[in-house]
Protein chains: 2
Amino acid sequence: MVSKKATVYDEFEASLLENPEIRKEYEALKPKYEMIQKLIERRNKLNMSQTQLAKIIGTKQPAISRLERGDYNTTLGTLFKVASALDMDLEISLKANGETKSTRDKVSA
Amino acid sequence: MVSKKATVYDEFEASLLENPEIRKEYEALKPKYEMIQKLIERRNKLNMSQTQLAKIIGTKQPAISRLERGDYNTTLGTLFKVASALDMDLEISLKANGETKSTRDKVSA
DNA sequence: TGACAATATAACATATATGTGATATATTAG
DNA sequence: CTAATATATCACATATATGTTATATTGTCA
């Protein structure tokens, strides 16, 4: 299912990642693509076509294609819709960093 | 800091939740509001004003106000920007439901 | 090979998220 | 109370996510 181009691409990707700026962009986008990857794999596992998924969500196939190609900035609402249609659980976790500092502040007493 | 209206609202909210349809909507929106609540609490803990936060992510105070009021459907991109400006870690988890079923299917043998 | 299904792409319309200034309304400090 | 600061609201412009049709490309199967 995966063409041999993958090997060539891997080399290309590796060379790109030697550039710090590109690497930073890549790291930032990685979660996005991993998420999309999960959506695609799930849809395939369910033997569902883009057209079928689109119908469930109330849109058309090209919209699903764009979403899976990751060429735009999805809304939380559509993300929930897609996850729901694929019978997936979507959770968003927000955690504050560097909270241990506050403990040290109170230690003195 | 919280007005006494909260008590009145709590009763109002409780009465609304007796309606199954409204309750369903509420359950669906709950994660959204919990997320927003975390963002607001974090901003306050950092003693940061909406204006300051807005400046960091390159926008204006009213945009932050709208976001915190939850009256629209945020984009993943802006969500990441805000979380980053508040030094928070944003994680999105996608899990397929009903996977335990496959186990039972294999039990018979 | 040709027919068929799935996906990608292009082009455009529409809805809406976002940017932004002006202003109103808290909220707090003095 | 007044002044100052923070937040909410309004109104509008702009950017872009989404809807949608037509078509191209790809992959599979006979």
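Labels below follow one simple rule: chain letters A, B, ... track the order of the sequence lines, proteins then strands, and each chain is numbered from 1.
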Side-chain donor/acceptor of A/K60 to backbone N/O of A/T51, under 3.5 Å: no
Under-4.0 Å side-chain N/O to phosphate OP1/OP2 contact, B/T75 with D/dA17: no
Given D/dA11, D/dG19, C/dT7, the nucleotide with the shortest approach to the side chain of B/R66: D/dA11
The helix from C/dT1-D/dA30 to C/dG30-D/dC1: angle between end helix axes, five pairs per end, rounded to 10 degrees: 40°
Nucleotide of D/dT7, C/dG19, D/dT9 approaching B/P62 most closely (side-chain heavy atoms): D/dT9
A/R42 CZ to A/L39 CG distance, which is reported to the nearest 0.5 Å: 10.5 Å
Whole-Å distance separating the CD atom of B/E68 from the P atom of C/dT18: 14 Å
Minimum-distance nucleotide to A/A63 side chain [options: D/dG19, D/dT7, C/dT7]: D/dG19
Side-chain (A/S49) to main-chain (A/Q52) donor-acceptor, under 3.5 angstrom: yes
Distance below 4.0 Å between B/R69 side-chain N/O and D/dT9 OP1 or OP2: yes
Side-chain N or O of B/T51 closer than 4.0 Å to phosphate OP1/OP2 of D/dA6: no
Protein-nucleotide distance (A/I64, atom CD1; D/dT18, atom C1'), rounded to Å: 11 Å
Presence of B/T78 side-chain N/O under 4.0 Å of C/dT18 phosphate oxygens OP1/OP2: yes
Distance in angstrom units between B/I57 CD1 and C/dT20 P, rounded: 11 Å
Within-4.5 Å side-chain heavy-atom neighbours: A/L67 and A/Y72: yes
Atom pair OG1/CG of B/T75 and B/N73 - distance to nearest 0.5 Å: 7.5 Å
A/S65 side-chain proximity, nearest of C/dT18, C/dT9, D/dT9: C/dT9
Whole-Å gap separating P (D/dT7) and CE (B/M48): 11 Å
Residue A/N44, side-chain atoms from C-beta onward, closest of D/dG19, C/dG19, C/dT7: C/dT7
Length of the line joining B/L67:CG and C/dT20:P, which is rounded to integer Å: 15 Å
Nucleotide nearest A/N73 (side chain, heavy atoms from C-beta), chosen from C/dG21, D/dA17, C/dT7: D/dA17
Euclidean distance, atom CD of residue A/Q61 to atom C1' of D/dA22 [Å, nearest integer]: 12 Å
A/L79 and B/L94, any side-chain heavy atoms less than 4.5 Å apart: no
Check ion pair B/E91-A/K95 (N to O, under 4.0 angstrom): no
Rounded distance (Å) that lies between atom P of D/dT9 and atom OH of B/Y72: 14 Å
Crowding at NZ, A/K32 (>12 non-hydrogen neighbours, <6.0 Å): yes
DNA chain C: 5'-proximal contact among A/Q52 and B/D71 (nearest heavy atom): A/Q52
Length of the line joining B/R43:CZ and D/dA8:P, which is rounded to integer Å: 8 Å
